[in-house]
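Contents: one structure, followed by commentary.
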Amino acid sequence: MPDRRSPSSSAGRDFLRQIIDRDIAAGRYDGVITRFPPEPNGYLHIGHAKSILLNFGIAEEYGGRCHLRFDDTNPETEEAEFVEAIKEDVRWLGFDWGEHLYHAADYFGQMYGFAEQLIRNGKAYVDSQDEAAIRESRGTVTEPGIPGPDRERPVEENLALFRGMRDGAFAEGEYVLRAKIDLAAPNMLMRDPILYRIRHASHHRSGDEWCIYPMYDYAHCLEDAIEKVTHSFCTLEFENNRELYDWILDELGFEEPRPHQYEFGKGLINYTVTSKRKLLRLVRGGLVAGWDDPRLPTLTALRRRGVPPEALLAFWGRVGVARADARIDVGTLEFAIRDELNRKAPRVFAVLDPLKVVLTDWEPGRTRDLDAPYFPHDVPLEGSRTIPFSGELFIERGDFSEDPPPGFKRLVPGGEVRLRYGCIIRCVRAVRDRKGRVVELHCTHNPDSWHGELGSGRRVPGTIHWVPAAEAVPCEVRLYDRLFSVPDPDAAAAARGEESTFLDFLNPDSLEVREGALVEPSVVGDPRESRYQFERTGYFWRDPVDDSAGRLVFNRIVTLRDVWSRRGAGLGKGDGSRAAEGADRQPRPQERRRPEPTSPGTRRRLPDELQVRADELVRRFGLTEVDAEILARDDERSRFLEAAAEAYPEPGRGPESGVALANWIIHELPRVRDGRALEHLPFGPAELAGLVALVDQEAISSSAGAEVLAVLAREGGEPAEIVRRLDLFQMRDADSLEHVISSVLAASPGKVGQYRGGKEGLLGYFMGQLMARTGGKADPALAARMLKDRLRGESAEEAARDG
RNA sequence: UGGCCCGUCGUCUAAUGGCAGGACACCGGUCUUUGGAACCGGCGGUGGUGGUUCGAGUCCACCCGGGCCAACCA
């Protein structure tokens, strides 16, 4: 196992951890500080768990810390009630913020001070335009905004007005504080964003101390900076906000090391919704029983349902994190839950839809105590309970069939089945009521088939669970299923038309209550929070809200995997399986959304003056149209090309070298440039020309050339000198190459065989080995040719020999 | 539509110019006193077209597809 904390083993880790690895390697921070910054205006859901896990988990991994910070900058929507609920959810997931519990509201004083500083620096102004006017003057994505009348207000006046705002001299909406950035910025957020607004509202934490409240963009970066957060993770939709985040911190003089924002993709889950708005509609609309309705994806609901927090952690760990939103199949979640529970939950018997069985050959009054292990052979946990067995018991109605489908392995008239941990019984008669419904089964038992006794090895096709009629405990069982009947309710609504909403796709069977269920008596004495597997049915626990001393209520956490019902062969909906839902449970992959086969497309036409320039580049340097256009659009690079062509050593200067130079400028230069203006690079066109000439003359390979370029970009210098210093001259001596090739092939005889077997991709592997062994100096074209010959030649030899 | 971002098996995710790998799902098998679990095997992918390179999922260009931004929300 590679050391997960070692920066040198970044490969394979997610991009956030790679960023931290990089920063640590560069010595940028003393330690890692992250934060989880919920707004206390609603309940946390499973998507937040990803963020919690990332922030707290990463901090833990790097020996740093994670702050829990309530981003409470909007007094109108936030409530103390949510603060407590969120804390409970985070704790439930197993994380601890220690003393690092913060509120944005605690920084309002400092934030106010920074705002005055911005005003004094001429970077913010008080605007008297109303909301509509501000929106109007901000322009659109295609048109720049126009400055409002207050934009050039003098500093002193801004200061006075801003203090007036703070002191409550104005009504809501009368004034706002705006950053003075750029009304024409392509990023709409940079068009003089609002920093403060007036709200005469009581804040859940600061009460009536303030009547101006900071906006998210202004507040969040300052919160991070004040807390000395190093890595500020948020979701993708905040990408555009990063520019403003940096602007504010830079303008306020926060110097490195300071926080930086990185965005990751959200994880959406099929068959549910997580947006606050939609959750609210479900709850307010009474479509679910509350925020903790076990069908909801809120953490409080998942907790009530019985999902172990470890399963959520495992789930998100398995899903991973990337820079794109993900829509995850619920199957992945269900797997994580089952995987966790399978290893820990004791097995017990419960019958959800009871059918009475009478053993007609059972000695009246006799009872036999059966010892039933809590765990199957493959779960390394100990323990057992006793279940009393006598002549009357209940089995699952779905475990009996008078008209069994092919492959049915349970009880049929005249057939045998094993009672788990009991004996084999045979069905002799089905007793019916007046309506013809089977109400009771008369069976006989085989006294030589008791579990654990001699003769018990006899095999019958099926084994079913059961409960004793006299001792079984009545209970209510709630079977939860996915809330929606389609994977993406929003998309389904959009596809259906304007009138449709996500609510049209609620699954009518998302909750099924079994009032007449029976559970074995052993569970009565167990701790309430015990999680069980009801054998052959699913994982359950007692509902923490409705279960009480006088009433046993179980929630189904998740079903068992069930290949029988999945086949659609199972008929018994009555056994609590998902049989009847059959085919649509596993939606067939939708049609592949293949883009249309490409047409050449319409290339954007170059403006005339650039076209002239491009034409000239084609003529002078023999460039392709495409390359010429790239350079024609880029004044900086085309001038660089011209100067480099001028500097190219005399013999060889011409169209051919022009093409080579253009290739380097277009393909290699951007890699090493690191955002710098070309004139600020520590080397110039002449050095590039010298470098390209060395490659053209085949003194060095192109990969060595790239290496030289990297050095040039880092520290400047003279190409030929760098080549000498690094000893990059090409290795073109056939004997030496032959020697290296032999050692490469000898080192991996298996791969040689595979290559000859047709796996030609291995050529790249061999080349890589060869390059590594020659320090990148081998002439690649020559080496590749020789390598191919060798691989082919020897195989021909072998073939000849073998044949 | 201007800007920014993202396209790898059905889904999620690795490969940091050098063997396209893993997980879930699916299919088949072994085992089984849970139609569970476990184990073995199989199916299956770089959106497209050009270019750079000895070598491209990775770099460049264009096209196609998707997401975000025009709240005094976060």
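Chain identifiers are assigned alphabetically (A, B, ...) following the order of the sequence lines, protein sequences preceding nucleic acid strands; residue numbering begins at 1 within each chain. Nothing here was measured: the structure is a model prediction, and the numbers come from that model.
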Worksheet item: Name the stems that RNA chain B belongs to, where each is three or more consecutive Watson-Crick or G-U pairs with both distances under 3.5 Å?
Response: B:2-7 with B:64-69, B:10-13 with B:21-24, B:26-30 with B:38-42, B:47-51 with B:59-63
Worksheet item: What distance, rounded to whole Å, do you find between the two C1' atoms, one in C69(B) and one in A74(B)?
Response: 14 Å
Discussion item. Determine whether the aromatic ring centres of residues F238(A) and Y216(A) are separated by less than 6.0 angstrom.
Written reply: yes
Worksheet, complete the sentence: Quick tally for nucleotides 37-44 of chain B: nucleotides whose base has a protein heavy atom under 4.0 Å get B, sugar-phosphate-only ones S, the rest -, giving B-------
Between the protein and nucleotides 3-6 of chain B, list every N/O to N/O distance that falls short of 3.5 Å.
from	atom 1	to	atom 2	distance (Å)
G3(B)	N2	N240(A)	OD1	3.3
G3(B)	N2	N240(A)	ND2	3.3
C5(B)	O3'	R323(A)	NH1	3.3
C5(B)	O2'	E239(A)	OE2	2.7
C5(B)	O2'	R323(A)	NH1	3.1

Donor-acceptor list for residues 185-192 of chain A side chains, cut-off 3.5 Å, not counting sequence neighbours:
from	atom 1	to	atom 2	distance (Å)
N187(A)	OD1	L189(A)	N	3.0
N187(A)	ND2	N240(A)	O	3.0
N187(A)	ND2	E243(A)	OE1	2.9
R191(A)	NE	R138(A)	O	3.0
R191(A)	NE	L183(A)	O	3.2
R191(A)	NH1	A185(A)	O	2.6
R191(A)	NH2	R138(A)	O	3.2
R191(A)	NH2	T140(A)	O	2.5
R191(A)	NH2	E143(A)	O	2.7
D192(A)	OD1	R151(A)	NH2	3.1
D192(A)	OD1	I181(A)	N	2.7
D192(A)	OD1	D182(A)	N	3.3
D192(A)	OD2	Y125(A)	OH	2.6
D192(A)	OD2	R151(A)	NE	2.7
D192(A)	OD2	R151(A)	NH2	3.3

Worksheet item: Got a sec, which residues hit side chain to side chain contact (heavy atoms under 4.5 Å, CB included) with R242(A), two or more places apart in sequence or on another chain?
Response: D246(A), Q261(A), E263(A), R323(A)
Fill in: Contacts of type salt bridge (charged side-chain N to carboxylate O under 4.0 Å, His left out), residue E78(A), not counting sequence neighbours
none
Fill in: Span that lies between the C1' atom of C12(B) and that of A25(B), in whole angstrom
11 Å
Worksheet item: side chain to side chain contact (heavy atoms under 4.5 Å, CB included) with D488(A): which residues, sequence neighbours excluded?
Response: R327(A), D490(A), A491(A)
Discussion item. Would K751(A) pass as a cation-pi partner of Y765(A), given that its NZ or CZ must be under 6.0 Å from the six-membered ring centre and within 45 degrees of the axis?
Written reply: yes
Fill in: Pairwise P distance, G50(B) and U58(B) [rounded to whole Å]
14 Å
Would you list the protein and nucleotides 53-57 of chain B atom pairs, both N or O, that sit under 3.5 Å from each other?
from	atom 1	to	atom 2	distance (Å)
U53(B)	O3'	S702(A)	OG	3.4
A56(B)	N6	R671(A)	NH2	3.4

Practice prompt. Round to a whole Å and report the spacing from CD of E136(A) to P of C72(B).
Written response: 13 Å
Worksheet entry | Rounded distance in Å between the C1' positions of C60(B) and C26(B) | 39 Å
Worksheet item: Ring-on-base stacking between Y216(A) and A74(B), under 5.5 Å between centres and under 30° between planes: is it there?
Response: no
Item to complete: Return the set of residues passing side chain to side chain contact (heavy atoms under 4.5 Å, CB included) with E136(A) (not counting sequence neighbours), or none when no residue passes.
Response: none
Worksheet entry | Span that lies between the C1' atom of G45(B) and that of A14(B), in whole angstrom | 13 Å
Fill in: Euclidean distance for P, C59(B) against C19(B) (whole angstrom)
16 Å
Discussion item. Run the side chain to side chain contact (heavy atoms under 4.5 Å, CB included) test against A772(A) and tell me which residues pass, sequence neighbours left out.
Written reply: none
Item to complete: List for me each residue that meets salt bridge (charged side-chain N to carboxylate O under 4.0 Å, His left out) alongside D127(A), sequence neighbours excluded, and say none if there are none.
Response: R178(A)
Worksheet item: Would a distance-only check, ignoring hydrogens and angles, find a side-chain to backbone donor-acceptor pair under 3.5 Å from S701(A) to A704(A)?
Response: yes
Practice prompt. Hey, could you give me each pair passing salt bridge (charged side-chain N to carboxylate O under 4.0 Å, His left out) that has a residue in residues 664-673 of chain A? Not counting sequence neighbours.
Written response: E636(A)-R673(A), E668(A)-R671(A)
